[in-house]
Amino acid sequence: MNFNCVFPECNFKQNNIEEEEFLKHLREEHQNELADVAKKEKIPIAMAEMITVSNSKVFINS
Ligand SMILES: [Zn+2]
């Protein structure tokens, strides 16, 4: 799986990593952003993580 972190000020980009590894990046680097998203959207942090993971996935059609 390829990931390109959705947070605009972050340039984390990695190919062929597991979702777990990207999740680790989110938890290490974006705790505050995730908490903000969860608060703003009134959703649990786990759900904010899931949404961020799916928005950061890069699908290559070639
Ligand atoms: Zn990031």
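For ligands, and for the atoms within them, numbers begin at 1 and follow the listed sequence. What you see is a predicted model; the values in this text were computed from it and never measured.
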Would you check if L26 and V53 make a side-chain contact, meaning some heavy-atom pair closer than 4.5 Å? yes

Strictly under 6.0 Å, is that where the ring centroids of F22 and F12 end up? yes

Treating Ile, Leu, Val, Met, Phe, Trp and Tyr as nodes and any side-chain heavy-atom pair under 4.5 angstrom as an edge, say whether M1 and L23 lie in one connected cluster. yes

Can you establish whether the number of heavy atoms outside E9 located under 6.0 Å from its atom CD is more than 12? yes

Keeping to distances under 2.8 Å, can you name the protein N/O/S atoms close to the Zn ion (ligand 1)? C5 SG, C10 SG, H25 NE2, H30 NE2

Would you mind reporting whether Q14 and F3 have side-chain heavy atoms less than 4.5 Å apart? no

Strictly distance-based, threshold 3.5 Å: is any side-chain N or O of N4 a donor or acceptor partner for the main-chain N or O of K13? no

